[in-house]
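A short write-up of the structure that comes next.
Just follow the structure's listing: the first ligand is 1, and inside any ligand the first atom is 1.
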Amino acid sequence: MTLREDDTGVSVLPRQFPTNRGGLCQKGWTSAELLDHPDRLTTPLLRDPVSGELRPATWDAALDRIATSLRAIQSSSGRDAVAVFGGGGLTNEKAYALGKFARVALRTRNIDYNGRFCMSSAAAAGLRAFGVDRGLPFPLADLGRADTLLLVGANPAETMPPLVRWLTEQRRGGGQLIVVDPRVTATARQADLHLQPLPGTDLAVANALLHIALTEGWVDQAYVAERTSGFDAVRRSVAAWWPARAEQLSGVPVADLEATARALGTGGRVIILTARGAEQHAKGVDTVTAYVNLALALGLPGREGSGYGCLTGQGNGQGGREHGQKADQLPGYRRIDDPAAREHVAGVWGVPADDLPGPGVPAYQLLDSLGTPDGPRALLVFGSNPVVSAPRAARIEGRLRDLDLLVVADLLLSETAALADVVLPTAQWAEEDGTMTNLEGRVLRRRALRPPPPGVRTDLAILADLAARLGDAETAAARFPTDPATVFAELRRASAGGVADYAGIDWARIDDADGVFWPCPSADGPDTPRLFADRFGTPDGRARFHAVDHRPAAEEVCATYPLHFTTGRVLAQYQSGTQTRRVAALRRAAPEAFVELHPDLAARLGIDDGDPVRVTSRRGELRAPARLSSGIRPDTVFAPFHWSGAGRANSVTNDAVDPISGMPEFKICAVRVEKA
Ligand SMILES: Nc1nc2c(c(=O)[nH]1)N[C@H]1C(S)=C(S)[C@@H](COP(=O)(O)OP(=O)(O)OC[C@H]3O[C@@H](n4cnc5c(=O)[nH]c(N)nc54)[C@H](O)[C@@H]3O)O[C@H]1N2
Ligand SMILES: Nc1nc2c(c(=O)[nH]1)N[C@H]1C(S)=C(S)[C@@H](COP(=O)(O)OP(=O)(O)OC[C@H]3O[C@@H](n4cnc5c(=O)[nH]c(N)nc54)[C@H](O)[C@@H]3O)O[C@H]1N2
Ligand SMILES: [Mo]
């Protein structure tokens, strides 16, 4: 989008761009409303020790309070007693600076971010199969030319409206769209074929599809032999997934499994995409792996116009996971436990490699350890609202209350900021320069239109101010520049030679080329719109199969909690809702939480459309009006997670996590539903 500021204020204008072709969703159109919103924070807030209330304070008072407290906590309880929590909405420059701040200014291993809740399972599956995690290893426009497109657990009609035009183009060109979702979503309504599995059974469906492809002879044996390793174990494991067995488990009819396998196995250009519906499970990595196995067996990845991809979520969901705000990571998508990576990054940062901390723990584990005897005593939050968005949120809310110091930098008083000891008002998107990396691995500019309002500082300035108070001011000023262009120049050097290599990318080149795809190692060399054409990112260049098997959800239904509960999004609200719940037009479109359930189930429970209902799990309850829909399976209820208070879906969700990615199981738990 582009912005115009005139006498009437800031307005959002569409921009012709290769990914969205001028398209924008309603949240984009209305985003300028938040710039001058009356709820906008314009002064730091400090919790008054006597009244217990948040009171306006000067920047000096707020920063001094934080620095004094952090120093005291670290000297009594060790460096790791201070933790940092970031977000996938931060620009690349801010994500990079936050990771560096944790490792260099605080020297804590405890940093992680909300991307763990978002794409971490697909990232882990991509890394182990391809040796590289880039949401789409090909340009988005390829979707428009696919003969068959399989969307697993994705509802882009509501979550990525600008992408829908590629789906329309695809079907107009005679392509076939197949959607796998337990609900008849706006996306599923456009599909030629809709598979409606029980939540948590996608892995079994994928294995059955590969079983059919093997039986029918649709596996690309030459590709498997030349470009992959490990297929024999997969062949053996899917042998047990005959279609009738998958039907019994998932409820997807054998005929639909066969039709899907045929479309994938005999189509020309075939793309398989997963999103949160398949990924946010305690077996999310294995589930994505099963779809990657299918794609590899059919010879798709690296073939022009075909492949596997993950629909990355947040504004900078891709870039947010490349520059070091993840517990195990250094910039350039490097591993923090790799001696060579530590040496390189420490060199750029001007510190001894031995001074860099080791890996920390994933987001949920970190949040759940806060304020416990062995856990961190202080937390700094930049760009997340875990009181609404973390699984088993009431428990996490308690952990946050147990901290000695909670600091939240935000533009608005989010539910998490409302619990803080110190709140720092930050600039938002239209007020600072920077870059974001989209789901295609395309690095894009975000331009400042105007300076932040008086009293508001940027995240980069806040990190610099804190670093200056925590150490030697002169060193801190050199290490934590506040100008995003300077930070980006350093990020390029830190990423050089890494998997996500930005060394050859500069802002002018981004402007000239409508974005630059990483890896782009040199300023005069090419970028990489398509990965895997000749080799994969693994040491031997081959993609790796991994045999994976279905396992039940972490929590299964029982007599007391007989229904499956799943969660997701609606078009007019964004994430934890801090921003979108404050925009009048969006509030009108989606005013409150709701519980979607099938009319047959509702009748059995004596519930009418609009009745207040209570959804109860072992962890807590959600109260919201019922919304009857014959588009959902009768054994499953759905709620969006954008609201707080009684309508908070995450009061109910399970905090079981994937053993590899740390991704929580947002998409399935067991509940009881009754009229409230
Ligand atoms: N309007 C809007 N757009 C957004 C966001 C937002 O909050 N609001 N958030 C952004 C972010 S950060 C993200 S990550 C993306 C997410 O984008 P999506 O992944 O498309 O969003 P979700 O609604 O979380 O989940 C997609 C679908 O998964 C289905 N589902 C639930 N359980 C299962 C299951 O077990 N298997 C399968 N196959 N499907 C299941 C749900 O019914 C839902 O329709 O959206 C981005 N765009
Ligand atoms: N039940 C359930 N729960 C889920 C999910 C689900 O599908 N179901 N999805 C999960 C997913 S995919 C995600 S991504 C998470 C998202 O959930 P959160 O991590 O809570 O993300 P946001 O709601 O985007 O929170 C961003 C906060 O940062 C503020 N902010 C925005 N820009 C900036 C900035 O530049 N700097 C600073 N300092 N602050 C900023 C916003 O005002 C807001 O308060 O939720 C997860 N939770
Ligand atoms: Mo996300």
If the cut-off is 4.0 Å to any non-hydrogen atom of Leu571, which atoms of ligand 1 fall inside it?
1 (N)

Below 3.5 Å, N or O to N or O, backbone or side chain included: is there any such pair between Arg276 and ligand 2?
no

Please work out, at 4.0 Å between heavy atoms, whether the side chain, the backbone, both, or neither of Pro199 comes within that distance of ligand 1.
both

With heavy-atom distances below 4.0 Å as the criterion, list the atoms of ligand 2 near Asp410.
27 (C), 28 (O), 29 (C), 41 (C), 42 (O), 43 (C), 44 (O)

Do Phe594 and Val613 make a side-chain contact, defined as non-hydrogen atoms from C-beta onward lying under 4.5 Å apart?
no

Run the numbers for me: atoms of ligand 1, each under 4.0 Å from some heavy atom of Glu158, listed by number.
1 (N), 2 (C), 3 (N)

List ligand 1 atoms under 4.0 Å from Cys118, heavy atoms only on the residue side.
12 (S), 14 (S)

Of the side chain and backbone of Thr91, name the one, both, or neither that has a heavy atom under 4.0 Å from an atom of ligand 2.
neither

If the cut-off is 4.0 Å to any non-hydrogen atom of Ser576, which atoms of ligand 2 fall inside it?
20 (O), 22 (P), 23 (O), 25 (O)

Counting heavy atoms only, which part of Thr578 comes closer than 4.0 Å to ligand 2: side chain, backbone, both or neither?
side chain

Basic-acidic side-chain contact under 4.0 Å: Arg581, Glu415
yes

Tell me if the CZ atom of Arg614 is crowded by more than 12 foreign heavy atoms within 6.0 Å.
yes

Taking 4.0 Å as the limit for heavy-atom contacts, which would you say applies to Leu311 with ligand 1: side chain only, backbone only, both, or neither?
neither

Report yes if some heavy atom in the side chain of Leu419 is under 4.5 Å from a heavy atom in the side chain of Leu406; otherwise report no.
yes

Enumerate the atoms of ligand 2 whose separation from the nearest heavy atom of Ala409 is less than 4.0 angstrom.
37 (C), 38 (N), 39 (N)

Among side-chain atoms of Gln318 and Arg442, is any donor-acceptor pair under 3.5 angstrom?
no

Within 45° cone and under 6.0 Å: Lys326 NZ/CZ vs Tyr113 ring
no

Proximity flag Gln428 to ligand 2, non-hydrogen atoms under 4.0 Å:
no

Validate the cation-pi geometry between Arg648 and Phe641: distance from NZ or CZ to the six-membered ring centre under 6.0 Å, angle to the ring axis within 45°.
no

Once you restrict to heavy atoms under 4.0 Å, what part of His642 touches ligand 1? Side chain, backbone, both or neither.
side chain

Atom indices of ligand 1, in the order listed, that fall short of 4.0 Å to a heavy atom of His281
34 (C), 35 (O)

Nearest neighbour of atom 43 (C) of ligand 1 from the list Asp181, Thr287, Thr187, on a heavy-atom basis:
Asp181

Can the ring centres of Phe666 and Phe117 be said to be less than 6.0 Å apart?
yes

Under 4.0 Å, heavy-atom basis, I'd like to know which part of Met119 is in contact with ligand 2: side chain, backbone, both or neither.
neither

For Gln573, the ligand 1 atoms whose distance to one of its heavy atoms is below 4.0 Å
1 (N), 2 (C), 6 (C), 7 (O), 8 (N)

Any atoms of ligand 2 less than 4.0 Å from a non-hydrogen atom of Ser414? List them with their elements.
44 (O)

Please confirm whether Arg457 makes a cation-pi placement over Trp59, using NZ or CZ under 6.0 Å from the six-membered ring centre and within 45° of the ring normal.
yes

Distance under 4.0 Å to a non-hydrogen atom of Asn650: what atoms of ligand 2 satisfy this?
1 (N), 2 (C), 3 (N)

CA sep, side-chain torsions, deciding dist, call: Thr274, Glu279, side chain to side chain donor-acceptor pair (under 3.5 Å):
CA-CA 7 Å; Thr274 62; Glu279 299 162 10; 2.9 Å; yes

Please classify the Arg569 to ligand 1 contact at 4.0 Å (heavy-atom distances, strictly less than): side chain, backbone, both or neither.
both

Taking only non-hydrogen atoms of Thr185 and a 4.0 Å limit, the atoms of ligand 1 in range are 44 (O)

If you take the nearest heavy atom of each of Gly631, Gly313, Pro640, which one is closest to atom 13 (C) of ligand 1?
Gly313

Heavy-atom distances under 4.0 Å are what count here, so tell me which part of Thr159 touches ligand 1: side chain, backbone, both or neither.
both

Suppose I only count heavy atoms of Lys94 and a 4.0 Å limit; which atoms of ligand 2 are within that range?
34 (C), 35 (O), 36 (N)

Answer side chain, backbone, both or neither: which part of Asn155 comes under 4.0 Å from ligand 1, heavy atoms only.
both

Would you mind listing which atoms of ligand 1 come within a distance below 4.0 Å of any non-hydrogen atom of Gly153?
19 (O), 26 (C), 27 (C), 28 (O), 37 (C), 38 (N), 39 (N)

Would you mind finding which of Asp202, Thr580, Leu586, Val570 brings a heavy atom closest to atom 1 (N) of ligand 1?
Val570

With heavy-atom distances below 4.5 Å as the criterion, would you say the side chains of Val557 and Leu563 are in contact?
no

So Arg446 and Glu432, do their side chains get closer than 4.5 Å, heavy atoms only?
yes

Record the part of Leu90 in heavy-atom contact with ligand 2 below 4.0 Å; permitted values are side chain, backbone, both and neither.
side chain

Provide the number and element of each atom of ligand 2 under 4.0 Å from a heavy atom of Asp459.
34 (C), 35 (O), 36 (N), 37 (C), 38 (N)

Heavy atom of Ala649, distance to ligand 2 below 4.0 Å
no

Nearest atoms (heavy-atom pairs only) where Val285 meets Thr289:
O-OG1, 2.7 Å

Considering only heavy atoms from C-beta outward, does the side chain of Pro425 approach that of Pro44 to under 4.5 Å?
yes

Identity of the nearest option to atom 28 (O) of ligand 1, non-hydrogen atoms only, from Pro182, Ala188, Gly277
Gly277

Hey, is Met160 touching ligand 1 through its side chain, its backbone, both or neither, going by heavy atoms under 4.0 Å?
neither

Go through ligand 2 atom by atom and flag the ones less than 4.0 Å from a non-hydrogen atom of Asn385.
18 (P), 19 (O), 20 (O), 25 (O)

